[in-house]
Asker: 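Have a look at this one before I ask anything.
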Amino acid sequence: MSNSAEEEWVKKWESLRIFEAEVDRSKNKVFVTFPIPYMNGPLHLGHAFTASRVDSYAKFKKLHGFNVLFPQGWHWTGQPIVSAADRLAKGDETMVKEFREIDKVPEDILEKFKDPVFMARYYTDRNRQAMKKLGLGIDWRREFNTTSYDPRFSSFIEWQFLTLREKGYITKGSHPVVWCPRDKSPVGDHDRLQGEGVYPVEFRLIFFKLKGEDSYLVASTLRPETIFGVTNVWVGPDLTYVKAKINGKIWIVGKSAVERLKDQLFEVEVVSEIQGKDLVGKEVLAPLINKEVPVLPANFIDPEIGTAVVYSVPAHAPYDYLALRDLQKIGYEGAKGLKPISIIRVEGYGDYPAVEEVEKLKIKDQNDQKADLATKNIYSAEFRKGVLKENCGEFAGLSVNAARKLVYEKLEEIGLASTMWELPEPVICRCTARCHVKILQDQWFLKYSDEEWKEKARECVRAMNIFPEEARQWFLDVIDWLNDYPCARQSGLGTPLPWDKNWLVETLSDSTVYMAYYTIAHRLKKYRPEQLRKELYDYVFFGKGEPSDVSSLTGIPEDELEAMRDEFLYWYPVDLRVSAKELVPNHLTFFIFHHVALFEKKFWPKAIGVNGMLRVEGEKMSKSKGNVITIEDGIKEFGADALRIALLSSSEYMDDANFKKEYARSIKERIERLIQDIRQDISSSSEADLSSYDIWLINNASKVSKDIEQNMEKMNVKISVTQAFFIMENAYREYKKYVNGKLNLSVIKDFVKYWSIMLAPFVPFTAEEIYRIVGEKSSVFLEAWPSKIPYDEIVDVEIELVNRLVGDIKEVLKLIKSKPTKLTVFVVDKGEAEKISEGNAEKDKINRFMKLKVSMPDLIKGYVGKVDEKEIYIKHIEYIKRQAGIHVEVKNVSEAGPDEMQRAKNALPFKPALVFK
RNA sequence: GCGGGGGUCGCCUAGCCAGGUCAAUGGCGCUGCCCUGAGGCGGCAGUCCCGUUGGGGUACGUGGGUUCAAAUCCCACCCCCCGCACCA
């Protein structure tokens, strides 16, 4: 179908207000939602995939007489739109290129993109068009965007957060983040040049008192339990260290650690600087074991990690062993006599795992990259299976895992340990600065760690329908795992926190209960934002207060307030929300948390659908790969309906979907051919008496209709599309073959009309087109789903038997080499069939028949001996002849001549014998 | 590492929850024939191996097990994908 024909239908739906949802208490309602997409670019096929699934369900429900609400809003909250605008303003070439070439933004528009709000508005307009063209049945009157540029929506977010705070779900606290010291902001994964997936971990700081001095060399480690194997302490001879007063002690740490310690709320007062080489040679006291060990030089130390002081455990740490070996190789005096001390027993290694690994991997020295791998191997083996040896005092016999915690606690107790956050691997910001960990203070958190809150969320998940079922456990796991979440930011777009206007409600937090806002969004548009006070929402959502009071407070008429309350009570809860699986651990779970926090149980979400991620030609879509296909382009190339089928039938459950252009193209052609064929068939056929084939055709529609009903209830859209489109098409083609082109007009009209309705949820435009061909004038969406199409099983049995016979004939014809001109089909005599099926015949025959029966479909199994097989074949003799391509006659076995009997006697019920001549 | 999902006949994909109707669905590709001036489109047939009467053999990541019977259930292993928090 052409794009312009599709657009005509969009206009028609709008003029008929087909998808505008009004409260109607005579009908049951269904409220479905698709997450608001972020407006920093055009929507792509990933969005189209999920949105089409939602839409199919909505339309399916509508055809079942439900009053359906499917609204849509836009997400503007957050940093990326602002960042993109900034980069554009600075003339960032790759950014310009992306906007021009991938997003296809016209030049005159692009110039204005340095204004982020302009950009968001522009994409919102474009994407609304794209969604309309895709045929989504959205009630556009209820649209909004999520920032202060939509002040009505902002008033709703203010209500939400004030209410959450009142209920005790918001707290203030501090939190470690990956921090860029140059940008002075947290650095997420996507903002990094290097170090993706690196997160803060806790490094233990261990204090080694300098002999004869009142200061401590502070070593950092991930493995405090190894203190029992310490042989020396390493410093970088060329690095600069400082003496600093921290928490009442004098610490000696790398100079570059000072800023990091300060960012982690340590009060640092630098006293003096000291060179690493001046520390070398001193003696320090290892805590807990009270052993004097020397300070030695090493060059593997990264001054940007930890304190630039490392204590040495050469038995279990490859770098330590290598550094020691390097010193001993050059005959370094201070390293003489130092030997690894084995303290951990671990399966797969002897006493000195570090030595073994170094030798196995043939590591040259401490500058060899392979030492990293050796370290990882030992770390992981010892963590999982290691046990502390007898030389570890009271910790002997403990697992490494347990000892790590206990040793640290003991050290902390005696005041000789502390903790700092650190990045285990370098992280480089996009601005090229090296990042470190900063503890942010005075952050606002959503208390997802709250056990009572979690329990309510679990209760909601347990009661909900979740499609597919596998996703349920995932939600429960996420709820367990979830911790307090910082819900406000200081940059980007959004709604200011009502009680602390320096902060903006962040993007995953302001998109959790907006579905409630949809119910009244169109009514709020009549009022000024300042009228939309907390009391209004309290009344609409909680029924709190009197309409008269709220009316005098807000200036909104009482009847209008009641109408809003009515909308909410009618539409809520959300009956289905669908998204891709990437949103399970965040957005969808937050959606649950906020609902159970704010609303009473009857308004908790009813169902969530989760689908896989969409790939294009087997690859993940990304701007850098340049393989992003926008909805606009997809529609232009394939048409909305072909695009929808290609997407909807690309995956089921949580499997990743794969979009292939070639496939979409073939669907486009099929749709066009289908419409053409139907048009032609209807104009060229005429009325006739009802035949078995006619009934068979309608039977197919009947079965498909029921199958789709069952599958759509479980959000199994792929199989439903297959049924509605492919199975129906195949049945139709098969029918034409049976009747040899002589279609029965009223039968195909019925069939096609049923078909148009069954297609409507999936390919709305095609459905309308076909619906029109059978002579209907308005819209297929005003029809009712054909739930009660008659079904005649005996006809299906007939056709199945005929098909089995035809299949056998073809198989034999393929095998025999002679060219027969005539076929006689010998059918078991009627009484005989019953006897065999009752087990009253020759043993061999019964055995063969039992085997045959196992391989029979249930459909025909029950009819053995109960239908007149011979009569059936005679009835369909024309079709059988056509398929066989030779003359065919049907006889009973008892009618076989002597020359035929040898084969004829092999006939079984539902398996006639074939004699070719 | 932790959690979730997967591995099916050249490629993609159905079936697995409720074991027999499974040599296994559909599409693409490929082969032959028809249509066409030719090509595309379309139609028909075929596409694991063997087989002159509808049969047999081998197959559903690998290796075991349960069962009269396993792609389907159980166990172990290998491999792939997706999340893992200040990011939408």
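Letters A, B, ... mirror the listed sequences (proteins, then strands); counts begin at 1.
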Asker: Among the candidates B:G15, B:G54, B:C11, find the nucleotide nearest to the side-chain atoms of A:V812.
Answerer: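 Output: B:G54.
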Asker: For A:P176, answer base if it contacts any base atom (sugar-phosphate contacts may also be present), sugar-phosphate if it contacts only those atoms, and nothing otherwise; contact means non-hydrogen atoms under 4.0 Å.
Answerer: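 Since no nucleic acid heavy atom lies under 4.0 Å of A:P176, the category is nothing.
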Asker: Describe the nucleic acid contact of A:N906 in one word from base, sugar-phosphate, nothing, applying a heavy-atom distance below 4.0 Å.
Answerer: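 It contacts nothing in the nucleic acid.
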Asker: What about A:D477: does its side chain form a donor-acceptor pair under 3.5 Å with the base of B:G3?
Answerer: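 Looking at the base of B:G3, it does not pair with any donor or acceptor on the side chain of A:D477 (distance under 3.5 Å).
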Asker: Any chance you could encode RNA chain B as dot-bracket? Rule is Watson-Crick or G-U wobble with both distances under 3.5 Å; [ ] for pairs crossing earlier ones, | for another strand.
Answerer: ((((((((.[[[..)....(.....]]]((((((.......))))))(((....)))...[[[[[..)....]]]]])))))))....
Asker: For A:R804, which contact category applies under a 4.0 Å heavy-atom criterion: base, sugar-phosphate, or nothing?
Answerer: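 No contact.
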Asker: Is it true that A:S684 and A:Q680 share a donor-acceptor pair across their side chains at a distance under 3.5 Å?
Answerer: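 The criterion, which ignores hydrogens and geometry beyond distance, is not satisfied for A:S684 and A:Q680.
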Asker: We want to know whether A:N127 and A:W74 form a side-chain donor-acceptor pair, criterion being a heavy-atom distance below 3.5 angstrom.
Answerer: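 Their side chains do not contain a donor-acceptor pair, so the 3.5 Å distance test is not met.
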Asker: Taking atom types as modelled, is there a side-chain donor on A:N711 or A:S720 under 3.5 Å from an acceptor on the other?
Answerer: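 Absent: no donor and acceptor within the cut-off.
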Asker: Write down the protein N/O and nucleotide N/O pairs, taken from nucleotides 80-82 of chain B, whose separation is under 3.5 Å; answer none if there are no such pairs.
Answerer:
unit_1: B:C81; atom_1: O3'; unit_2: A:R615; atom_2: NH2; d: 3.3
unit_1: B:C81; atom_1: O2'; unit_2: A:D656; atom_2: OD2; d: 3.0

Asker: Please say whether more than 12 non-hydrogen atoms of neighbouring residues, nucleotides or ligands are located less than 6.0 Å from CD in A:Q902.
Answerer: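 Check fails, neighbour count at 12 or below.
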Asker: Counting only side-chain N and O atoms of A:R489, is one of them less than 4.0 Å from OP1 or OP2 of B:C87?
Answerer: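 Answer no for this pair, as no side-chain N or O of A:R489 is under 4.0 Å from OP1 or OP2.
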Asker: Check this one for me: any side-chain N or O of A:K810 less than 4.0 Å away from OP1 or OP2 of B:G54?
Answerer: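 For A:K810, the contact criterion (side-chain N or O under 4.0 Å from OP1 or OP2 of B:G54) is not met.
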Asker: We want to know whether A:Y123 and A:D103 form a side-chain donor-acceptor pair, criterion being a heavy-atom distance below 3.5 angstrom.
Answerer: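 A:D103 and A:Y123 do have a side-chain donor-acceptor pair below 3.5 Å.
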Asker: Using a heavy-atom cut-off of 4.0 Å across all strands, would you classify A:V478 as base, sugar-phosphate, or nothing?
Answerer: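 Counting heavy atoms under 4.0 Å across all strands, no contact is made by A:V478.
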Asker: What nucleic acid atoms does A:E469 come within less than 4.0 Å of, heavy atoms only: base, sugar-phosphate, or nothing?
Answerer: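 It contacts nothing in the nucleic acid.
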Asker: Do the side-chain N and O atoms of A:T495 and A:D510 include a donor-acceptor pair separated by under 3.5 angstrom?
Answerer: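 No donor-acceptor contact under 3.5 Å links the two side chains.
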Asker: Would you call A:K714 and A:E469 a salt bridge, taking side-chain N to carboxylate O under 4.0 Å as the test?
Answerer: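 No, this pair does not count.
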Asker: For the residue pair A:H587 and A:Y514, categorise the inter-ring angle as parallel (less than 30°), tilted (30 to 60°) or perpendicular (more than 60°).
Answerer: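 The arrangement is parallel - the two ring planes meet at less than 30°.
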Asker: Of the nucleotides B:G54, B:C87, B:A45, which one has an atom closest to the side chain of A:A913?
Answerer: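 Nearest nucleotide to the side chain: B:G54.
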Asker: Which nucleotide wins on minimum distance to the side chain of A:F916, given the candidates B:A14, B:C12, B:U53?
Answerer: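 Nearest to the side-chain atoms of A:F916, counting from C-beta on, is B:U53.
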Asker: Taking 4.0 angstrom as the limit, do A:K620 and A:D656 come out as a salt bridge?
Answerer: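 Salt bridge flag = no for A:D656 with A:K620.
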Asker: Does the side chain of A:N700 pick up a donor-acceptor pair with the side chain of A:Y735 at under 3.5 Å?
Answerer: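 Their side chains do not contain a donor-acceptor pair, so the 3.5 Å distance test is not met.
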Asker: Side chains of A:S649 and A:Y663: is there a donor and an acceptor less than 3.5 Å apart?
Answerer: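 Checked: A:S649/A:Y663 side chains pair up, N/O donor to acceptor below 3.5 Å.
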Asker: Should the pair A:R665-A:E669 be classified as a salt bridge under the 4.0 Å nitrogen-to-oxygen rule?
Answerer: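 A:E669 and A:R665: not salt-bridged.
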Asker: Scan nucleotides 30-33 of chain B against the protein and return all N/O pairs shorter than 3.5 Å with their distances rounded to 0.1 Å.
Answerer:
none

Asker: OP1, OP2 of B:C41 versus side-chain N and O of A:R673: anything below 4.0 Å?
Answerer: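 False: A:R673 side-chain N/O out of range (4.0 Å or more) of B:C41 OP1/OP2.
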Asker: Can you figure out which of B:G42, B:G54, B:A14 approaches the side chain of A:D655 most closely?
Answerer: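 Minimum distance to the A:D655 side chain belongs to B:A14.
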